[in-house]
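So the structure is just underneath, and the comments pick up after that.
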Amino acid sequence: DIQMTQSPSTLSASVGDRVTITCRASQSFSRWLAWYQQKPGKAPKLLIYDASSLESGVPSRFSGSGSGTEFTLTISSLQPDDFATYYCQQYNSYWTFGQGTKVEIK
Amino acid sequence: EVQLVESGGGLVQPGGSLRLSCSASGFTFSSYAIHWVRQAPGKGLEYVSAISSNGGRTYYADSVKDRFTISRDNSKNTLYLQMSSLRAEDTAVYYCVKAPSSSWYYYFDYWGQGTLVTVSS
C-alpha cells in the first residue's frame with residue numbers, strides 16, 4: 001500500500017501569506033494525486049487533481065505541483081476563506097489520504 | 001445538480017450490524033464508480049471501500065475487510081454499505097463519494113454530507 005505523509009500537520013499563517021503544504025508518498029508515481037479542502041462540519045471539497053489540474057470553480061490562488069514521491073499544494077495569497085484542513089490523496093494504486101494539514105490564523 | 005445523500009447511521013452496540021445507504025441523483029449513477037470514505041471524530045479521512053460502475057469489482061481497506069460489504073442497485077440509483085462485527089474504532093462519519101469516471105483509479109469529485117455511525121455500549 002502507498003502511504004502518504006503530509007507536512008506540516010499544522011500551519012499558522014496570516015491573510016496574504018504564501019502557503020505551501022507538502023505531501024510525500026512511500027512509493028513513486030507520476031501524477032495521480034488530488035488535494036481536498038475541508039472546513040469544520042462539512043464534507044471535503046476537491047481543489048486539485050492529477051497533481052496540478054485546478055478543479056472548475058476553484059480560485060487560481062490554489063496550485064499544485066510535483067511527481068514521483070513529493071507533491072505540493074500552494075496557496076499564493078491566503079484569504080480568510082482558506083483557513084481549513086487540507087488533505088492529499090493518491091489514486092495511483094487504490095486510494096490513500098494524507099493525515100491532513102490544518103491551516104490556522106496566526 | 002449532483003447529489004449524494006447518505007442515510008442509515010446511528011448508535012449500534014459493539015458486535016452489531018448496520019446498513020448505510022447512499023441515494024444518488026443528478027448524474028447517470030450506473031456510469032460511475034462510487035466509494036465510501038470515513039472520518040472518526042476529530043480525525044482525518046480514512047478510505048473504506050469502492051465499487052465499480054456495474055458492481056462487478058469491489059475493494060476494501062484492510063481495516064474493514066471481511067466485515068463490511070459494499071453493493072449497489074443501479075435501478076434504484078443507490079449505494080449500500082453493510083457493516084457487521086462493528087467495533088468502537090468504526091465510529092465515524094461515513095461519506096458516499098463519487099468518482100468522475102467509470103475507470104477504477106480516479107479522484108473524487110462529489111461528496112455526500114455524511115452519516116454518523118456510533119459504536120458504543
Side-chain angles (χ1 to χ4, degrees), chain A residues 1-10 21 23 25-27 29-58 62 64 66 71 73 84-103, chain B residues 1-7 9 20 22 24 27 32-52 57-65 68 70 79 92-116:
Chain A
D1 293 1
I2 300 177
Q3 308 302 317
M4 306 301 293
T5 303
Q6 286 181 235
S7 61
S9 296
T10 305
I21 299 169
C23 184
S26 61
Q27 301 174 32
F29 54 88
S30 68
R31 66 178 193 275
W32 309 123
L33 184 111
W35 290 96
Y36 302 88
Q37 176 194 67
Q38 187 180 33
K39 296 182 179 179
K42 300 292 187 181
K45 171 189 171 183
L46 176 67
L47 299 176
I48 301 284
Y49 61 92
D50 294 352
S52 61
S53 296
L54 192 68
E55 173 70 349
S56 177
V58 174
F62 291 92
F71 300 84
L73 172 70
T85 301
Y86 295 84
Y87 295 92
C88 63
Q89 178 212 21
Q90 68 82 19
Y91 47 98
N92 178 77
S93 175
Y94 300 108
W95 305 269
T96 317
F97 292 95
Q99 81 278 18
T101 295
K102 185 176 183 179
V103 177
Chain B
E1 178 192 5
V2 171
Q3 288 200 339
L4 299 164
V5 180
E6 303 92 337
S7 60
L20 305 183
C22 171
F27 65 102
Y32 297 91
I34 307 288
H35 307 252
W36 290 100
V37 174
R38 70 184 181 184
Q39 186 169 35
K43 303 297 184 181
L45 301 172
E46 180 187 13
Y47 187 82
V48 175
S49 183
I51 189 165
S52 62
R57 186 179 184 183
T58 59
Y59 170 80
Y60 300 93
D62 287 344
S63 58
V64 306
K65 200 174 295 181
F68 290 12
I70 191 171
L79 173 75
V93 172
Y94 285 74
Y95 293 103
C96 169
V97 184
K98 172 190 168 291
S101 169
S102 61
S103 297
W104 194 231
Y105 293 119
Y106 247 89
Y107 54 91
F108 306 148
D109 58 350
Y110 287 95
W111 298 62
Q113 86 289 349
T115 187
L116 176 62

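Numbered from 1 within each chain, the chains take letters A, B, ... in sequence-line order. Worth saying up front: this structure is predicted, and the values here are computed from it rather than measured.
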Work out which heavy atom in B:Tyr107 is nearest to a heavy atom in A:Ala34; give both atom names and the distance. CB-CB, 3.9 Å
Contact part of A:Gln90 toward chain B, heavy-atom cut-off under 4.5 Å: side chain, backbone, both or neither? neither
Given a strict heavy-atom distance threshold of 4.5 Å, which part of A:Tyr94 is in contact with chain B: side chain, backbone, both, or neither? both
Filtered by a 4.5 Å non-hydrogen cutoff, the part of residues 33-45 of chain B contacting chain A is B:His35, B:Val37, B:Gln39, B:Lys43, B:Gly44, B:Leu45
Closest non-hydrogen atoms of A:Phe97 and B:Tyr47, given as atom of the first, atom of the second and distance, are CD1-N, 4.0 Å
Which atom of B:Gly112 lies closest to which atom of A:Ala43, heavy atoms considered: O-CB, 3.2 Å
Which answer fits B:Ala50, side chain, backbone, both or neither, if we ask what part of it has an atom under 4.5 Å from a heavy atom of chain A? side chain
Check whether any side-chain N or O of A:Trp95 sits under 3.5 Å from a backbone N or O of B:Tyr106 as a donor-acceptor pair, and report yes or no. yes
Heavy-atom pair count under 4.5 Å with chain B, highest-scoring of A:Gln38, A:Lys45, A:Glu55, A:Gln99: A:Gln38
Any residue meeting side-chain contact (heavy atoms from CB on, under 4.5 Å) with A:Asp1, in chain and number order, not counting sequence neighbours: A:Gln3, B:Asp62
In terms of heavy-atom proximity below 4.5 Å to chain A, should B:Tyr95 be classed as side chain, backbone, both, or neither? side chain
Ranking A:Gly41, A:Pro44, A:Gly98, A:Gly100 by heavy-atom pairs under 4.5 Å to chain B gives rank one to A:Pro44
